[in-house]
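For reference, the structure discussed in these notes is given below.
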There are 2 protein chains.
Amino acid sequence: MQPNLAISTVIFALRPDENGRNTLMIPLVKRIREPHLGKWALPGGPLVGNESLDEAAARNLRETTGLTPRYLEQLYSFGAPERSAGAAAERVVSIVYWALVGTDEADRAVESENVHWLAADCLPELAFDHNLIVEYALWRLRAKLNYSRVAHGFLGEEFTLAQLREVYEIVLGRPLDKGNFRRSVEASGAIIPTGRVVAGASNRPPALYTYDKTRSLADRGPLNKPSDY
Amino acid sequence: MQPNLAISTVIFALRPDENGRNTLMIPLVKRIREPHLGKWALPGGPLVGNESLDEAAARNLRETTGLTPRYLEQLYSFGAPERSAGAAAERVVSIVYWALVGTDEADRAVESENVHWLAADCLPELAFDHNLIVEYALWRLRAKLNYSRVAHGFLGEEFTLAQLREVYEIVLGRPLDKGNFRRSVEASGAIIPTGRVVAGASNRPPALYTYDKTRSLADRGPLNKPSDY
DNA sequence: GCAAAAGTGTTTGATATACACCCATGC
DNA sequence: GCATGGGTGTATATCAAACACTTTTGC
């Protein structure tokens, strides 16, 4: 008796909350059947067809939320026998991904009675073991901010250093020194000045940057080579 | 049509090679049926029964090699549709673990015509995508040496600093400064002096250490809580 | 000029590295 | 004593953090 295989994704985006403050948020789907009917859950679905796991995650993400991620990475596989329990439900093993989408993209997302964005750091009780999964995804995201360029996944093509710093501050939950931040990002070679600036504000116009699109956002060692999962 | 689910494990141990030099080695199993008949493959098997993924990995490891790991961690899940190909074989999704066993334990391992230890850094062509998997496991092991205590997984209860340093040198493949190594390990609080020393050699007797068994070998964030996978 | 945010400079402490030196043991 | 590896000390470079300062814009 083989367990069922499903793919789910923890999707992160920065969006304004009810007070207008940018917050780290996650789109969740309301359960419309037992078990855990009515609770919020991670978007996901069964693994079918002839696609790779990455492709399956991307497709599922698109179909359930309408979003296209700027970054997508496998998180972990969860398969404790109790996790899908409740009654004598069949066992489900979930291969979970995490993704980043830009704020612009997140605004285009479907939001309905059954799909909703919730703040990542104060979630209600979710279905199954999804609270643990989100916690772990958050932990990984925060760790990865410090040794990779994943932060760019939250931003558009062009951005100012203040915007990039805001991403770090929101995700890490603490203020960062302006000067030191600039230096460390510049030293890492993660950003390229475009030469353009943002005019209009009543202060010195900030310079715009891009990131090097020929380099991937995170070093995943031997898994970097695409199509090898 | 659901894909089949399997669990495999990349097992590392330090063992003397044919020249007597301690080397990072992996036990592999010879394929006794198609596809990839005759090639070496990672030990593994289907996921059955009512156990968690971790338990399944540990059990499978025991049954195929007779080994009990000192460290065991999920590595990644591989599910590219081509990976199990060859003919019109059914698709297999593998949840892969990696494990460390002590040298003493490795010596007790079953070694037969069909189970063999091979040096991790010069493997022949393995079955399926197992070369990629081993490469990735190696990458993870090397990365993790630097920010966790997993190295203790290779050693017994008591060890000298020279033995611990040897583990690092073999895995990383480069010599480390004696003095600096001692300082950094001591500063991290990873080791506890037992008060005992190793007498008998024609030099100053080295002190013996243990590691703190109440702390896990690697910080895995929210996944640290056991039984939550 | 003033407010505001961009951008630069400087000082300090911690950590990594290289390398020289002393210590305890068996022979 | 001498060889051998264990163990300690010290100088230097590199990096992170804290914080003061200058620059450019709109009003």
Side-chain angles (χ1 to χ4, degrees), chain A residues 20-22 142-149 151 155-156 158-211 219, chain B residues 14 20-22 142-149 151-152 155-156 158-211 219:
Chain A
R21 262 195 293 271
N22 271 336
R142 287 186 175 131
K144 215 131 189 176
L145 266 198
N146 293 315
Y147 63 90
S148 77
R149 318 160 168 227
L155 298 169
E158 277 192 327
F159 49 86
T160 67
L161 274 181
Q163 289 173 327
L164 183 59
R165 185 160 50 87
E166 196 200 0
V167 170
Y168 277 78
E169 292 185 336
I170 293 172
V171 174
L172 297 177
R174 64 189 161 89
L176 297 175
D177 183 273
K178 207 169 31 151
N180 296 335
F181 181 78
R182 163 183 297 270
R183 258 185 298 268
S184 73
V185 173
E186 274 173 348
S188 75
I191 55 172
I192 304 167
T194 64
R196 281 188 288 277
V197 295
V198 182
S202 72
N203 53 34
R204 180 167 171 178
L208 283 166
Y209 295 84
T210 344
Y211 55 93
D219 179 15
Chain B
L14 296 181
R21 261 194 294 270
N22 270 337
R142 288 187 174 129
K144 214 131 189 175
L145 266 198
N146 293 316
Y147 62 90
S148 78
R149 319 160 168 226
H152 297 294
L155 298 169
E158 278 192 325
F159 49 87
T160 67
L161 274 181
Q163 289 173 327
L164 183 58
R165 185 161 48 87
E166 196 200 0
V167 170
Y168 277 77
E169 291 184 336
I170 292 172
V171 175
L172 298 178
R174 65 187 161 89
L176 297 175
D177 184 274
K178 202 169 37 150
N180 296 335
F181 181 78
R182 163 183 295 270
R183 258 185 298 268
S184 72
V185 174
E186 274 175 348
S188 75
I191 55 171
I192 303 167
T194 64
R196 281 188 287 278
V197 295
V198 183
S202 73
N203 54 35
R204 180 167 170 178
L208 283 166
Y209 294 84
T210 343
Y211 55 95
D219 179 15

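If you're wondering where the values come from, they're calculated on a predicted model, not measured in any experiment.
OP1 or OP2 of C/dG7 sits under 4.0 Å from a side-chain N or O of A/Arg182.
For B/Ala207, whose side chain is taken as the heavy atoms from C-beta onward, the closest listed nucleotide among D/dG7, C/dG26, C/dC19 is D/dG7. Picking from C/dA6, D/dG26, D/dA18 the nucleotide with the shortest atom distance to the side chain of A/Ala162 gives C/dA6.
Between A/Arg183 and A/Asn203, the residue anchored nearer the 5' end of DNA chain C, judged by the nucleotide with its closest heavy atom, is A/Asn203. The residue among A/Asn180 and B/Ser202 whose nearest nucleotide of DNA chain D lies closer to the 5′ end is B/Ser202. The 5' end of DNA chain D is approached more closely, in terms of each residue's nearest nucleotide, by B/Leu161 than by the other of B/Leu161 and A/Gly200.
Ion pairing between B/Glu158 and B/Arg196 holds under the 4.0 Å rule for side-chain N and carboxylate O.
Distance A/Phe181 CZ to D/dC15 P: 18 Å, rounded to the nearest Å. Taking atom CG of residue A/Leu176 and atom P of nucleotide C/dG7, one finds them 17 Å apart after rounding to whole Å. Between the P atom of D/dG7 and the CD atom of B/Gln163 lies a distance of 11 Å, rounded to the nearest Å. For A/Ile191 and C/dA6, the CD1 to P distance is 13 Å, given to the nearest whole Å. Between the P atom of D/dG5 and the CZ atom of B/Arg204 lies a distance of 15 Å, rounded to the nearest Å. A/Tyr147 places its OH atom 16 Å from the P atom of D/dA16, with the value rounded to the nearest Å.
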Problem set entry | CA sep, side-chain torsions, deciding dist, call: A/Arg182, A/Lys178, side chain to side chain contact (heavy atoms under 4.5 Å, CB included) | CA-CA 6 Å; A/Arg182 163 183 297 270; A/Lys178 207 169 31 151; over 6 Å; no
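Of the possible donor and acceptor atoms, none in the side chain of B/Glu186 sits under 3.5 Å from a partner among the backbone N and O of B/Arg183. Between the side chain of A/Tyr168 and the backbone N or O of A/Leu145, at least one donor-acceptor pair lies under 3.5 Å. Checking side-chain atoms of B/Glu169 against main-chain N and O of B/Leu176 turns up a donor-acceptor pair under 3.5 Å.
Heavy atoms of A/Ala199 sit nowhere under 4.0 angstrom from any nucleic acid atom.
In the interface, the side chain of A/Asp177 is not paired with the base of D/dA16 through any donor and acceptor atom under 3.5 Å apart. Side-chain to base pairing of B/Lys178 with D/dG5: no donor and acceptor N or O lie closer than 3.5 Å to each other.
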